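These notes concern the structure reproduced below.
Just so you know, these numbers come straight off a predicted model, no measurement behind them.
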Number of protein chains: 2
Amino acid sequence: MATDQRRVLELAVLGSLHETPLHGYELRKRLNALLGMFRAFSYGSLYPCLKTLLERGLIVEEHPQAVTGRSKIVYKLTAEGKERLQELLTQAGPAAWEDESFGVHFAFFRHTEAEVRLRILEGRRSRLEERLENVRAALARTRERLDSYTLELQRHGLESVEREVRWLNELIATERRASNEASDE
Amino acid sequence: MATDQRRVLELAVLGSLHETPLHGYELRKRLNALLGMFRAFSYGSLYPCLKTLLERGLIVEEHPQAVTGRSKIVYKLTAEGKERLQELLTQAGPAAWEDESFGVHFAFFRHTEAEVRLRILEGRRSRLEERLENVRAALARTRERLDSYTLELQRHGLESVEREVRWLNELIATERRASNEASDE
DNA sequence: GCGTCGATGTATCGGGCCGATACATCTTGA
DNA sequence: TCAAGATGTATCGGCCCGATACATCGACGC
């Protein structure tokens, strides 16, 4: 579905507003700072998203008229919004393994249950391994036809993804350790 | 401009057809195999692109009626198409430094002049360094507010990009060495 | 005081990408 | 002989995002 992308955006916005009410401009700054090199959201996505969240009653507008007459529109999470956020954090499906979504889910891990965290990390890893498999197979099929530049590109691409898999392995091990320690009290 | 993306697609298609005539389905397979983990093109982009290239006379259709009546449409580069390809390979501007374009340009480096190769590699590097700068600055500003998961995400993101910069440094050094060896004959 | 520059702030539009889909043929193997 | 999956051509609609417009604010120099 194309609604997968909508859900990520929704999660990102609701998750950000969970901490503290924000207006559009700062929401974008915070979100992009939070995600760093992984993702960036544009106004063209954020403002329409805020509008639909408003219509659905998940957030409310506030016009704090400061002493200076400057008009800022601050958005605040409603009770329904918090519920929806919990739902999004819990029901992380296969869509959360993808490049565009994974970073957002990860960025809100502190609000996510340990079980779901593990599911997302393992799903992401299997998604990457699947992709590695495909690319390696395609490479084996066409290696003789490729020049040294293309091979170098392929090599670097594969290495980058392998590196992310190793990173995920470490994270998964850490999660498992923490979960075991918690269980033998 | 939004035409930047068009140019990359054009380059990818013309570059692929330069080797050998292809039909849509195999063009896509070859291209995606060529780019590996870096990019993938969809039919929704490729077929419209082929149509405009056809209209502009840069490629021509061929209907090789095989013994079996199976209809395949093979596209072949024209003289104008080859000219245009050379133009695209040579006039690589700042757009070529971006994520979506760099891999495609790199994949056709064997058809690119040494001088242009160096320009693209250095441009890509400075683009990444610029981005690192921004993210590091934002991180320094907000570090205290971030939880350990987000910090780990940031750390991994930065390391990935730093790794790509080191890769570019090696490639640039190799290019320079080759270019120097060529000059003292 | 005054000009100006960059950051802050809200908002929209259109070009273009791509997932999903439809449909047809060929090959493979059970 | 039948089904499944690869090969093959093609389009459509939803949605993303760069570009843009417009306005205010703080700081700085002069």
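- In this structure, the side chains of Glu10(A) and Arg56(A) come closer than 4.5 Å at one or more pairs of heavy atoms.
- Residues Ile59(A) and Val13(A) form no side-chain contact, since every pair of their non-hydrogen atoms from C-beta on lies 4.5 Å or further apart.
- The structure places CG of Leu128(A) at 12.0 Å from CH2 of Trp97(A), a figure rounded to the nearest 0.5 Å.
- Residues Thr52(A) and Arg6(A) approach most closely at CG2-NH2, 4.2 Å, considering heavy atoms.
- Among Leu85(A), Leu34(A), Leu14(A), the single residue meeting the side chain to side chain contact (heavy atoms under 4.5 Å, CB included) criterion with Phe108(A) is Leu34(A).
- Considering only heavy atoms from C-beta on, Phe38(B) stays 4.5 Å or farther from Glu100(B) through its side chain.
- One atom, CD1 of Ile73(B), and another, P of dA24(C), lie 16 Å apart when rounded to the nearest Å.
- One finds the CD1 atom of Ile73(A) at 10.5 Å from the NE2 atom of His23(A) (value rounded to the nearest 0.5 Å).
- Between the CD atom of Glu100(A) and the C1' atom of dC17(C) there is a distance of 13 Å, rounded to whole Å.
- Rounded to a whole Å, the NZ atom of Lys72(A) is 14 Å from the P atom of dA11(C).
- Across the protein-nucleic acid pair, Arg7(B) atom CZ and dG16(C) atom C1' stand 17 Å apart, rounded to whole Å.
- The side chain to side chain contact (heavy atoms under 4.5 Å, CB included) test with Arg117(A) is passed by exactly one of Ile172(A), Thr112(A), Leu89(A): Thr112(A).
- For the segment residues 18-38 of chain B, no residue has any heavy atom less than 4.0 angstrom from an atom of DNA chain C.
- In this structure, Phe41(B) and Leu35(B) have side chains that are in contact, with non-hydrogen atoms separated by less than 4.5 Å.
- Exactly one of Lys76(B), Glu80(B), Lys82(B) qualifies for a side chain to side chain contact (heavy atoms under 4.5 Å, CB included) with Thr78(B). That residue is Glu80(B).
- Of the residues in residues 39-54 of chain B, those lying under 4.0 Å from DNA chain C by heavy-atom distance are Arg39(B), Ser42(B), Gly44(B), Ser45(B).
- Interatomic distance, Leu118(A) CG to Leu171(A) CG, rounded to the nearest 0.5 Å: 10.5 Å.
- When the P atom of dG19(C) is taken as reference, atom CG of Asp99(A) falls 12 Å away, rounded to whole Å.
- In this structure, the helix from dG1(C)-dC30(D) to dA30(C)-dT1(D) shows an angle of 40° between the axis at its start and the axis at its end, each fitted on 5 base pairs and rounded to 10°.
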